[in-house]
Amino acid sequence: MAWITKNTAHEPIERRDEPFLTDAMKTKLEADVLPRFPTKRAALLPTLHEIQHTYGWIPPQALDEAATFLDIAPAEVLDTATFYEEYYLKPKGRHLIQICQSIACELCGHENLLDKCIEKLGIEHGETTEDGRYTLVALECLGACGGAPAVLLNETLYECVTWEHLEAEIDALK
Amino acid sequence: MTLENPILLKRIPTPPWGDVKDRQVVTYDQYVATGGYVGLRKALEAQPAELVDLVKESQLRGRGGAGFSCGMKWSFMPPPDGEPRYLAVNADESEPGTFKDRLLMECDPHILLEGIAICMHTCQLDTAYIYIRGEYHLQAKVLEQAIAEAYANNIFGENSICGKINDRTPNCYVHRGAGAYICGEETALLESLEGKRGWPRVKPPFPAVAGAFGRPTVINNVETLACLGPIVEHGAGWFKTMGRASTMGENVPGSYGPKLFGMSGHLNRPGVYEEHLGIKMSELIENHCGGMRNGKKFKSAIPGGVSMGFLTPDQYDAELDFDIGRRYGVLGLGTAGVIVMDEDTSIVSMTRNIVRFFARESCGQCTPCREGSGWLYQMLCRIERGEGAFKDIDLMDELARSMGAMPGTTICGLADGTNWAVKTAIEKFRHEFEALCKPTLVQVSVNA
């Protein structure tokens, strides 16, 4: 939930020498994204998407680098990054299994999928398996109600999912 | 009254005209070969003011949920003053039960781009941002590809057939959200576009005066924009042959044009169907969706996304138009994403599901919504477990009905939507809640 605050001010930031927001990424953003907007801050969501897409999550150091890149305060980056569910500020599994739990999917049996997933992976929703392979998320409406129950595996949507189908897809993710 | 030919789904195979298995992305060439961009070319011959009048005359109402007159919205825009003006396309389709815009963007992206170009010309907007929800990965890619085609064919860009708009090169970009329902609220969308958290703004100023980056901005839904090409091409009179006038009085705005209905829930063939506004829900369920799943009886439906509230079993024949709210005691037509429930459905559980959605998606800005939705969720969970009390039902009902408790105290409509679901559930299915609750007052017998 968006409004839960964390005591981030006192958390030490682990740093590495090599930047997360690489020069190649910056060049790409400067060429394609920044000219779209009258302010630099407007490029924050695309920048965070780029970082998350590359590393699977957004490390604190990357937030800092995004702030420098866009000439805004780190607090402003944190403010935005913590608001959106899609941004992971802690490492997540290599593969993201997102099961829709909204009304149409509940009507069409999402609970069975979720329970079986929990049983198979041995984790609750919101958690990551110990080997770092899967993160399981029960999320709100995927906008695929006509194909309920719907599951988003990484960036691919599956509709009218049965457990046999989903299990096979999960196993195929290395 | 059934639609003779598909309008918005002209190129997207959909029963009864086609088979969903034949769906594929319509390319620029295919779009043009089937009469695409004719509306835009016709629009470019007209003056912007004429086009605003045309859209006003067509009585096109916003397809994003509120049903506000599109022409009226455009007429609020101040005259150009030399500075930038924006179009924000609301493709943040996140209301549970709604998946119609996804189909348009996934299969026929150019119908949206044509609408965007017409809107940009009409309102003199130089830049368009398509704000698409983060979960729509495939749709964002399809749109990017279609926009590249549109630039290559001079719909947008330096050599655009629109020429200079607002003395600038017309541009169109995809902007991906990151998983927040609230960003579908128009001012939250603008905040998010500016790189901030999606907190709705206090209005006024309205976006037409100070929208994205403090500049005049038009915000339209995907389906609304998709209606523009056909309206310009065939005229307002043609558009008004579909749908119907209001039955609520002469001065009430009508419900004209075709509409995409997203049918989901306990149906044999759920999916997006196109029909006249004002079609009976029973017709959609029986003729288009192949009836109720497993031959069960109809119990309830939510007419347009979960914030609209529940219909009762005897409202099975409800006509789906913009007057539905006044006729059947729900909030309105919303996005026309109809969620159908059969006789075995627990309304208490569905209400709990809906309220959980709002509790999770509340942006946290206004206290009554942030706290209220969470407490409502806890109460509903308690009732569902069989641990609730009658006074819980009364308290929820009172909260939902009292303007100034939770509804009416917040910046945006999220809290109102939450309470419409709760209010209609209790009003229409009170017995289900009561059946799960214990009486509050325990009568103590005194042995004399």
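Only heavy atoms go into these numbers, but all of them, side chains included; no hydrogens, no water, no symmetry mates.
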Quiz item: Would one find more than 12 heavy atoms of other residues, nucleotides or ligands at under 6.0 Å from atom NZ of A:Lys28?
Solution: no
Practice problem: Measure across B:Arg293 and A:Cys108 and return the closest heavy-atom pair with its distance rounded to 0.1 Å. | Solution: NH1-SG, 3.7 Å
Quiz item: Relative to chain A, which of B:Gly195, B:Ala180, B:Gly97, B:Ser94 shows the most heavy atom pairs under 4.5 Å?
Solution: B:Gly195
Self-check item: Side-chain heavy atoms of B:Tyr181 within contact of A:Cys141, under 4.5 Å
Solution: no
Self-check item: Residue pair B:Glu194 / A:Arg41, side-chain heavy-atom distance below 4.5 Å
Solution: no
Quiz item: Side chain, backbone, both or neither: which part of B:Val20 has an atom under 4.5 Å from a heavy atom of chain A?
Solution: neither
Practice problem: Among the options A:Glu159, A:Glu76, A:Gln52, A:Lys40, pick out the one with the most heavy-atom pairs lying under 4.5 Å from chain B. | Solution: A:Glu159
Quiz item: When A:Leu107 is tested against each of B:Asp344, B:Ile339, B:Val340 for side-chain contact (heavy atoms from CB on, under 4.5 Å), which residue passes?
Solution: B:Ile339
Quiz item: Got a donor-acceptor contact below 3.5 angstrom from the B:Arg356 side chain to the A:Gln101 backbone?
Solution: yes
Quiz prompt | Qualifying residues under ring-ring contact (aromatic ring centres under 6.0 Å, His included), relative to A:His165, sequence neighbours excluded | solution = A:Tyr158
Quiz item: For A:Glu111, does the CD atom have more than 12 heavy-atom neighbours from other residues, nucleotides or ligands under 6.0 Å away?
Solution: no
Self-check item: Under 4.5 Å from a heavy atom of chain A, the part of B:Arg215 involved
Solution: neither
Self-check item: Considering all heavy atoms, the nearest A:Phe83-B:Ile182 contact
Solution: CZ-CG2, 3.8 Å
Practice problem: With the side chain counted from C-beta on, respond yes when A:Pro46 and B:His175 share a heavy-atom pair under 4.5 Å apart, and no when they do not. | Solution: yes
Quiz prompt | Check against side chain to side chain contact (heavy atoms under 4.5 Å, CB included), A:Glu106 and B:Met350 | solution = CA-CA 8 Å; A:Glu106 179 165 339; B:Met350 287 308 112; 3.7 Å; yes
Quiz item: Checking heavy atoms, do the side chain of B:Glu191, its backbone, both or neither come under 4.5 Å from chain A?
Solution: neither
Self-check item: Segment of A:Leu157 engaging chain B (4.5 angstrom heavy-atom cut-off)
Solution: side chain
Practice problem: Name the member of A:Leu139, A:Leu70, A:Ile72 that forms the most heavy-atom pairs with chain B at distances under 4.5 Å. | Solution: A:Leu139
Exercise. Decide side chain to side chain contact (heavy atoms under 4.5 Å, CB included) for A:Glu155 and B:Glu135; before the verdict, give the C-alpha distance in whole Å, the side-chain angles of both, and the deciding distance to 0.1 Å.
Key: CA-CA 8 Å; A:Glu155 296 188 357; B:Glu135 291 86 350; over 6 Å; no
Quiz prompt | Closest non-hydrogen atom pair, A:Tyr84 against B:Gly198 | solution = OH-N, 3.4 Å
Quiz prompt | Contact winner vs chain B - A:Leu152, A:Thr156, A:Thr80, heavy-atom pairs under 4.5 Å | solution = A:Thr80
Exercise. Give me the ring orientation class for B:Phe213 and A:Phe37: parallel if the planes are under 30° apart, tilted from 30 to 60°, perpendicular past 60°.
Key: tilted
Exercise. Test salt bridge (charged side-chain N to carboxylate O under 4.0 Å, His left out) on A:Glu86 and B:Arg176 and set out the steps.
Key: CA-CA 11 Å; A:Glu86 219 174 299; B:Arg176 286 185 57 221; 3.3 Å; yes
Quiz item: So which part of B:Thr345 gets closer than 4.5 Å to some heavy atom of chain A, the side chain, the backbone, both or neither?
Solution: side chain
Practice problem: Specify the closest pair of heavy atoms between B:Leu193 and A:Ala42, including all atoms of both residues, with the distance to one decimal. | Solution: O-CB, 3.4 Å
Quiz item: Under the 3.5 angstrom rule, does the side chain of A:Arg36 hit a backbone N or O of B:Tyr173 as a donor-acceptor pair?
Solution: no
Quiz item: Roughly how far, to the nearest 0.5 Å, is the CG atom of A:Leu45 from the OH atom of B:Tyr131?
Solution: 6.0 Å
Practice problem: Decide if atom CH2 of B:Trp375 counts as having more than 12 heavy atoms of other residues, nucleotides or ligands within a radius under 6.0 Å. | Solution: no
Quiz item: Checking B:Leu103 against chain A: side chain, backbone, both or neither under 4.5 Å from a heavy atom?
Solution: neither
Practice problem: Please look at A:Ala144 and chain B and tell me whether the side chain, the backbone, both or neither of the residue comes under 4.5 angstrom of a heavy atom of that chain. | Solution: both
Quiz item: In terms of heavy-atom pairs under 4.5 Å with chain A, which of B:Lys100, B:Glu93, B:His266 leads?
Solution: B:His266
Exercise. Give the member of B:Cys289, B:Gly374, B:Gly134 that has the highest number of heavy-atom pairs under 4.5 Å with chain A.
Key: B:Gly134
Quiz item: Which pair of non-hydrogen atoms, one from A:Ile103 and one from B:Asn353, has the smallest distance, and what is that distance?
Solution: N-OD1, 3.3 Å
Quiz item: Are B:Arg360 and A:Glu85 close enough for a salt bridge, meaning some N to O gap below 4.0 Å?
Solution: yes
Quiz item: How close do A:Cys145 and B:Ser264 get, heavy atom to heavy atom, and via which atoms?
Solution: O-CB, 3.3 Å
